[in-house]
Amino acid sequence: MYGSSRHYAEQYRHVGVSSAVAEADPHKLVALLLSGALDRLRLASASLERGDQARKGKAIGEVCAIVGHLNGSLDHQAGGEIAGNLSALYDYVLQRLTEANLHNDHSALDEALQLLTEIDGAWNAIPHEQRQPVKATP
C-alpha cells in the first residue's frame with residue numbers, strides 16, 4: 001500500500017536522522033511515523049491542558065504533516081479499496097486535528113488519537129511474513 005516509503009527514507013538521510021530509521025524497511029518506516037504522530041498528539045493534548053497554545057499548535061502541525069505524508073504515500077493501485085478507505089480516514093483525522101487546533105477542542109484531539117491508535121495497532125498486527133514486499137523475479 002505504501003509505494004514511496006523509500007522516498008521518505010531518503011529524506012531522513014538528508015536531514016541526519018539515525019541510520020536505523022534510514023535503513024528501515026517500508027513497514028517499519030510507517031510504524032515509526034505512526035508512533036511519532038501518536039507521541040505528538042499526546043504532547044498536543046498535554047499542551048492544551050496546560051494552556052500552552054504555541055506548543056499545542058506546533059505539535060498538531062507536526063501530526064498533520066506526518067498524516068499528510070502517510071496519506072500521500074498510499075499506493076491506491078496496489079491497495080485498492082483498503083487504500084481508499086485509509087485515505088478517507090486520514091482526511092477525517094486531518095479535519096479533526098484542524099478543528100482541535102482552531103477551537104481548542106480536546107474531544108477532537110482525543111478522537112484523532114483514538115483513530116491513529118487503532119491504525120497503529122492494526123499496522124503492527126500485520127504478520128511479519130506479510131510485511132516484506134514481494135520481490136519481482138527477473
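Both backbone and side-chain heavy atoms feed into the values below; hydrogens, waters and symmetry mates do not. Just so it is clear, the structure is predicted and the values come from calculations on it, not from any experiment.
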If you measure from [atom1] on [X] to [atom2] on [Y], what distance do you get to the nearest 0.5 Å?
X	Y	atom1	atom2	result
Leu89	Asn71	CG	CG	9.5 Å
Ser35	Ile66	OG	CD1	9.0 Å
Ser73	Leu33	OG	CG	7.5 Å
Tyr90	Cys64	OH	SG	13.5 Å
His106	Leu113	NE2	CG	9.5 Å

* Asked: Arg40: what forms a salt bridge (charged side-chain N to carboxylate O under 4.0 Å, His left out) with it, not counting sequence neighbours?
  -> Glu62

* Partner residues of Asp39 under the salt bridge (charged side-chain N to carboxylate O under 4.0 Å, His left out) criterion, sequence neighbours left out ->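 For Asp39 the salt bridge (charged side-chain N to carboxylate O under 4.0 Å, His left out) partners, ignoring immediate neighbours, are Arg42.
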
Using only atom types and a distance under 3.5 Å, with no angle test, would you say the side chain of [X] pairs donor to acceptor with the backbone of [Y]?
X	Y	value
Lys56	Asn101	yes
Trp123	Lys28	no
Ser87	Ala83	no
Thr98	Leu94	yes
Ser45	Leu41	no
Asn124	Asp120	yes

* Report the C-alpha distance between Lys58 and Ser47 in whole Å, list the side-chain angles of each, state the deciding distance to 0.1 Å, and finish with yes or no for side chain to side chain contact (heavy atoms under 4.5 Å, CB included). => CA-CA 10 Å; Lys58 184 175 185 217; Ser47 298; over 6 Å; no

* Shared ILVMFWY cluster between Leu38 and Leu43, side chains joined below 4.5 angstrom? -> no

* Common cluster, Val67/Leu102, ILVMFWY with side-chain heavy-atom separation under 4.5 Å ->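 Val67 does not cluster with Leu102.
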
* To do: Might you work through the side chain to side chain contact (heavy atoms under 4.5 Å, CB included) test for Val93 and Glu111, ending with a clear yes or no?
  => CA-CA 8 Å; Val93 167; Glu111 184 177 9; over 6 Å; no

* **Nearest non-hydrogen partners of Ile60 and Ala44, listed with the distance** =>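 Looking at all heavy atoms of both residues, the shortest contact is CG1-CB, 3.7 Å.
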
* **Minimum heavy-atom distance between Asp75 and Ala78, given as atom pair plus value** => OD1-N, 3.1 Å

* To do: Answer whether the closest heavy-atom distance between the side chains of Leu109 and Leu97 falls below 4.5 Å.
  =>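 Side-chain contact under 4.5 Å: yes.
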
* Asked: Is the number of heavy atoms from other residues, nucleotides or ligands under 6.0 Å of Glu49 CD greater than 12?
  ->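 Atom CD in Glu49 is packed in, count exceeds 12.
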
* Does the pair Asp110 and Gln114 meet the rule for a side chain to side chain contact (heavy atoms under 4.5 Å, CB included), with working shown? -> CA-CA 6 Å; Asp110 289 342; Gln114 177 189 5; over 6 Å; no

* Could you check Asp105 against Leu48 for side chain to side chain contact (heavy atoms under 4.5 Å, CB included), going step by step and ending with a plain yes or no? => CA-CA 9 Å; Asp105 186 343; Leu48 179 59; over 6 Å; no

